[in-house]
> 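Pasting a structure below so you can have a look.
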Amino acid sequence: MSVADLKAKVARVQAKNDRLRRTLADFNERIVCGQLTGKLPDNFLEQFSQLPDRPLEQVLRFLPARQVFQMRHVSRRFNNLIRKCSKTMPKKGCQREVVFQSKHPGELSVDWFDDSGRKVSRRTTMVAGDEVALSELLRFIRFGGWMFFGEGVSAADKVLDQLSKAWLTIRPEVVVFSGDLSQTSRDSLRAFLAQVQPSIKQLKFQFASNIGDSLLSDDVIGAAGRLNGLMVLPVRGSTLRDVNIGDQTMLSLVDADHVSSFFFVTGCSGVTPVGIRAFIEKWMKKEELKPDGKTFSFGQSLEKCVLTFDNCANVTKAAVEEACGDLIKKEMIAVPDASSFDDSGEMSDHPCFTIDCPSTYRRLEIHFQFYSFISQNVEGPRFVTDDDSEPDIDDSDDDDEDDEDEDDDHDEDRDDEDDEDSDIY
Amino acid sequence: MIQLCSNDDPPVSFTVPRKAVELSKTIKTMLEDLEGFDMEQTPIPLPNVDAPTLELIVKWVEQHQDDPPPVEKPRVEDDDSDDSDADDDQEPEVVIPEWDKKFLPTDDEQKNQLFKLLNAANYLEIKPLLDIGCKYVADKISGQTVEWVRDYLNMENDYTPEEEAKLKEEIAWAEGL
């Protein structure tokens with residue numbers, strides 16, 4: 001072997017060596033993560049606070065959600081870390097009710113209720129200011145159950161927009177709007193409904209006030225996906241304008257997963273007798289069933305689908321009878337007079353249309369009375385009413401007065417509803 | 001066999017079966033990238049791991065080298081636009097195996113050794129070790145007061161009294177949940 005050959009071989013080996021060394025060096029830098037290269041100061045690693053965020057984040061994930069809140073106190077860094085990763089952290093479940101209320105302008109209170117209807121927490125925040133963002137409050141909580149937008153402009157765009165943030169876990173089954181909707185826009189409502197679409201089963205506008213022109217329409221309601229129940233009922237004395245809810249929304253209700261379903265609308269001129277006929281046909285076809293007109297025997301649970309049309313221009317008894325007379329039968333039911341809304345309401349008979357499917361325990365009812373709205377389907381959050389007799393679990397003193405006032409209010413609401421129910425059934 | 005060197009002066013080296021050492025994703029990637037070189041003859045220096053910690057790491061990977069590979073779940077990025085399917089945000093379930101319970105440096109005097117181990121597991125990307133270590137720390141912290149946690153994690157309270165009061169108010173509402 002010549003000297004030149006040997007030299008070439010040495011050069012090759014050296015080049016290979018250099019490459020290896022460079023690659024190793026690259027990896028070392030990667031391992032050290034950042035500015036720390038070379039020899040480390042003594043005891044450097046003994047500071048757990050010097051750990052990268054990832055292990056700390058992992059520790060936080062294993063902690064009970066409730067304790068994570070408190071851990072924000074530990075240090076700034078910990079707080080920032082918690083805020084940063086709270087979006088993906090396991091969330092504290094709130095499966096029952098959440099009530100939003102806005103009793104004073106610009107202020108929003110959020111109440112949580114536990115499984116027995118007891119109020120467990122209340123938080124008041126400013127809607128207008130960005131002091132404490134609503135989404136900030138909700139980031140550790142997973143919603144389920146009922147979501148109730150109560151008194152005041154509790155469903156204002158500012159509130160809905162924050163709730164619509166994609167990373168919040170909001171999975172209510174029932175959403176009730178019963179406050180002032182004057183500050184609620186189509187876009188925000190639609191975005192919110194899209195956010196709750198995976199879980200929502202019932203959507204109710206229940207004695208809501210100031211429902212804006214063209215706030216409600218097929219496409220907005222459609223964002224909520226497949227519903228088992230829809231109620232559009234403005235507060236008494238107000239009228240709806242331009243409610244574009246029509247046959248499309250009504251027909252989509254036939255596809256409900258649950259057989260018991262309701263469609264209660266008031267002032268919806270978009271619904272037509274032709275649509276109702278299509279609904280009935282679809283409903284009957286759903287399980288390839290034919291009505292045989294027999295009545296039910298008692299003791300069997302029956303799945304009721306109820307359509308109620310109040311003040312819907314195109315849906316009159318005569319028009320429905322004309323369009324669907326061959327499919328439905330007429331019954332008389334006793335309901336309180338629509339004119340009186342108190343407990344002493346006079347009862348009188350009103351016609352309604354029905355179809356019975358005894359073989360599958362299904363029944364379809366079509367009502368035309370406003371008062372038919374007032375059924376078991378109209379309820380507020382199921383507040384526990386005997387809070388006063390129980391030891392108060394809310395230990396912050398300044399809240400107590402408010403709580404009492406508020407509970408009283410709800411007691412009355414609840415009583416009213418109970419009475420109404422008992423009048424009918 | 002692969003040689004790993006600690007950051008001590010002089011370095012302490014450990015010889016580990018390749019299969020065991022590949023539990024570290026960092027080293028595994030590196031070995032893959034260096035395919036073709038004779039890595040058996042090239043010690044790998046680990047500048048952020050000291051000898052006692054490296055000894056623990058080696059002990060752990062040797063014990064677990066035959067474990068079935070963990071099921072990889074994609075990490076959800078923290079992104080506002082992220083359409084996180086929050087339905088599967090359940091708490092990850094980690095059970096510390098019996099052997100690991102004895103293995104982890106759990107005495108109070110060994111606290112810092114435990115943290116060094118976690119640090120090393122993080123850098124070396126040994127996810128199962130990181131998980132059980134973090135789970136241990138979380139169990140330890142669980143139910144403790146803020147002061148206790150601060151002390152345990154060697155953290156300083158760097159809030160001003162005003163900030164602390166404000167934070168307290170912010171958190172109070174959640175206490176009842």
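Proteins come first, then strands; the chains are lettered A, B, ... in the order of their sequence lines, and each starts at number 1. What's counted below: heavy atoms across the whole structure, side chains too, no hydrogens, waters or symmetry copies.
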> Here's a test for you: under side-chain contact (heavy atoms from CB on, under 4.5 Å), which of A:Ile82, A:Val59, A:Leu81 qualifies with A:Met71?
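Passing option: A:Ile82.
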> Do A:Asn79 and B:Tyr159 have a side chain donor and acceptor closer than 3.5 Å?
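Short answer, yes.
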> Please identify, among B:Gln144, B:Glu125, B:Lys111, the residue contributing the most non-hydrogen atom pairs under 4.5 Å to chain A.
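Among the listed options, the one with the most contacts to chain A is B:Gln144.
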> Which atoms of B:Glu156 come close to chain A, meaning under 4.5 Å heavy atom to heavy atom: side chain ones, backbone ones, both, or neither?
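B:Glu156 touches chain A through backbone heavy atoms alone.
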> Does the pair B:Lys19/B:Glu22 count as a salt bridge with the N-to-O cut at 4.0 Å?
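Salt bridge flag = no for B:Glu22 with B:Lys19.
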> Out of B:Asn157, B:Ile141, B:Leu130, return the one with the most heavy atom pairs under 4.5 angstrom to chain A.
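When all of B:Asn157, B:Ile141, B:Leu130 are compared, B:Ile141 has the most.
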> Quick one: does B:Thr29's side chain have a donor or acceptor within less than 3.5 Å of a partner on B:Lys25's backbone?
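Yes; at least one donor-acceptor contact below 3.5 Å.
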> Should we count NZ of B:Lys28 as having more than 12 external heavy atoms under 6.0 Å?
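Open.
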> Give, as side chain, backbone, both or neither, the part of B:Glu147 having an atom under 4.5 angstrom from any heavy atom of chain A.
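When you check distances to chain A, no heavy atom of B:Glu147 falls under 4.5 Å.
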> In terms of heavy-atom proximity below 4.5 Å to chain A, should B:Asp139 be classed as side chain, backbone, both, or neither?
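Looking at B:Asp139, nothing touches chain A.
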